[in-house]
Amino acid sequence: MNIIGFLQVRNEIASGHLERFIEINGPLLDALFVYDDFSDDGTFELASRHATGVVRGESRQFGHELVNKSLLLEEVKKYGKAGDAILWLDADEVLYSSKNELKSLVADAFDEGYDAIELPHINLWRSNDWFRTD
């Protein structure tokens, strides 16, 4: 089973989100596919250096996230195979686990007949220290 990262981004350089995502989440993934919503800050270039595949919008498509994700999913489907897991995260989300822990969690869910899982999270609020609980 491969764990395939699924990420949609737009101008994530100044925030540091994309760099942190790649540093922390990258080692957990067997592949990473990114939809870039016509970034103009180097996000596309950074994502291209680290991702298995990048789809870049021809213009900014704010409000069309589902269409963009559908385009990206088509690319993932060309790469993936039955039994692979798709991990959909935002650029500002990180997982603090080992690759083995993540694969075990997904494998256990698949073995029990689940086709999706939801992970609990802490929502950091505009900083690395403050968080929301909603």
Side-chain angles (χ1 to χ4, degrees):
M1 168 191 47
N2 288 314
I3 296 185
I4 302 169
F6 187 95
L7 177 64
Q8 184 171 338
V9 294
R10 171 138 171 66
N11 289 344
E12 297 288 352
I13 296 296
S15 68
H17 294 323
L18 182 57
E19 187 174 340
R20 183 181 60 221
F21 181 97
I22 291 166
E23 178 184 332
I24 295 174
N25 294 331
L28 304 176
L29 306 173
D30 297 300
L32 173 62
F33 285 81
V34 177
Y35 182 90
D36 177 71
D37 194 16
F38 203 65
S39 294
D40 58 12
D41 69 343
T43 292
F44 172 76
E45 292 78 9
L46 179 58
S48 295
R49 288 195 302 272
H50 296 278
T52 307
V54 179
V55 175
R56 186 171 197 202
E58 295 178 15
S59 63
R60 187 164 185 226
Q61 296 293 312
F62 182 77
H64 295 101
E65 288 85 6
L66 293 180
V67 171
N68 300 342
K69 286 181 173 133
S70 293
L71 292 171
L72 186 58
L73 184 57
E74 290 305 313
E75 293 302 309
V76 171
K77 286 166 47 178
K78 291 176 193 174
Y79 175 88
K81 59 185 182 300
D84 286 347
I86 298 172
L87 180 61
W88 176 4
L89 294 170
D90 290 336
D92 62 347
E93 295 177 322
V94 295
L95 294 175
Y96 292 107
S97 74
S98 71
K99 189 169 189 169
N100 286 338
E101 289 170 325
L102 182 58
K103 283 196 171 204
S104 178
L105 179 67
V106 172
D108 289 349
F110 284 176
D111 288 347
E112 292 186 29
Y114 295 101
D115 62 0
I117 59 175
E118 180 180 353
L119 302 171
H121 71 280
I122 295 173
N123 191 352
L124 295 176
W125 183 245
R126 300 180 189 210
S127 79
N128 289 328
D129 302 312
W130 298 96
F131 63 92
R132 299 185 332 205
T133 57
D134 59 333

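For clarity, every value in this text was computed on a predicted model and none was experimentally measured.
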Q: To the nearest 0.5 angstrom, please state how far the CG atom of L72 sits from the CD1 atom of I86.
A: 9.0 Å

Q: Taking the six-membered ring of F38, is the NZ or CZ of R56 close enough (under 6.0 Å from the centre) and on axis enough (within 45°)?
A: yes

Q: Can you list everything that forms a side-chain contact (heavy atoms from CB on, under 4.5 Å) with E45? Sequence neighbours excluded, please.
A: R49

Q: Which distance, rounded to the nearest 0.5 Å, do you find between the CG of N11 and the CZ of F44?
A: 13.0 Å

Q: Quick one, N25 and R20 - any side-chain contact, counting heavy atoms below 4.5 Å?
A: no

Q: Tell me, please, which residues at least two apart from A109 pass side-chain contact (heavy atoms from CB on, under 4.5 Å).
A: Y114, I117

Q: Can you check whether H17's main-chain N or O pairs, donor with acceptor, with D92's side chain at less than 3.5 Å?
A: no

Q: State, with a plain yes or no, whether a side-chain heavy atom of F21 is found less than 4.5 Å away from one of V34.
A: no

Q: Check the pair F6, I4 against side chain to side chain contact (heavy atoms under 4.5 Å, CB included), reporting the backbone distance first and the verdict last.
A: CA-CA 6 Å; F6 187 95; I4 302 169; 5.9 Å; no

Q: Of Q8, K69, E93, which meets side-chain contact (heavy atoms from CB on, under 4.5 Å) against W88?
A: K69

Q: Check K103 against M1 and note the closest heavy-atom contact, atom names and distance.
A: NZ-O, 2.8 Å

Q: Do you know which two heavy atoms are closest between S39 and V9, and how far apart they sit?
A: OG-O, 4.3 Å

Q: Checking side-chain polar atoms at under 3.5 Å, does D41 have a donor or acceptor matched by the opposite partner on T43?
A: yes

Q: Counting only heavy atoms not in E19, do more than 12 fall under 6.0 Å of its CD?
A: no

Q: Measure the CG-OG1 distance between L29 and T52 for me, rounded to the nearest 0.5 Å.
A: 8.5 Å

Q: Is a donor on one side and an acceptor on the other found under 3.5 Å between the side chain of D84 and the backbone of K81?
A: yes

Q: Is there a side-chain contact between L18 and L7, using heavy atoms and a 4.5 Å cut-off?
A: yes

Q: Please report the interatomic distance CD1(I3) to CG(L102), rounded to the nearest 0.5 Å.
A: 3.5 Å

Q: Answer yes if L105 and F110 sit in the same cluster of Ile, Leu, Val, Met, Phe, Trp and Tyr residues linked by side chain heavy atoms under 4.5 Å apart, and no otherwise.
A: yes

Q: Would you say L87 and V106 make side-chain contact, with heavy atoms under 4.5 Å?
A: no

Q: When you group the ILVMFWY residues by side-chain heavy-atom contacts below 4.5 Å and let the links chain together, are V54 and I13 in the same group?
A: yes

Q: Assess whether side chain to side chain contact (heavy atoms under 4.5 Å, CB included) is satisfied between K99 and D30, documenting all intermediate values.
A: CA-CA 9 Å; K99 189 169 189 169; D30 297 300; 2.7 Å; yes

Q: Quick check for you: to the nearest 0.5 Å, what is the distance between R10 atom CZ and D40 atom CG?
A: 5.5 Å

Q: Would you call K78 and E75 a salt bridge, using N to O less than 4.0 angstrom?
A: yes

Q: What's the spacing between L119 CG and L95 CG if we round to 0.5 Å?
A: 6.5 Å

Q: Tell me whether L46 is reachable from L89 by hopping between hydrophobic residues (I, L, V, M, F, W, Y) whose side-chain heavy atoms are closer than 4.5 Å.
A: yes

Q: Show which residues join I24 in its hydrophobic cluster (side-chain heavy-atom contacts under 4.5 Å, direct or indirect), or state none.
A: V94, Y96

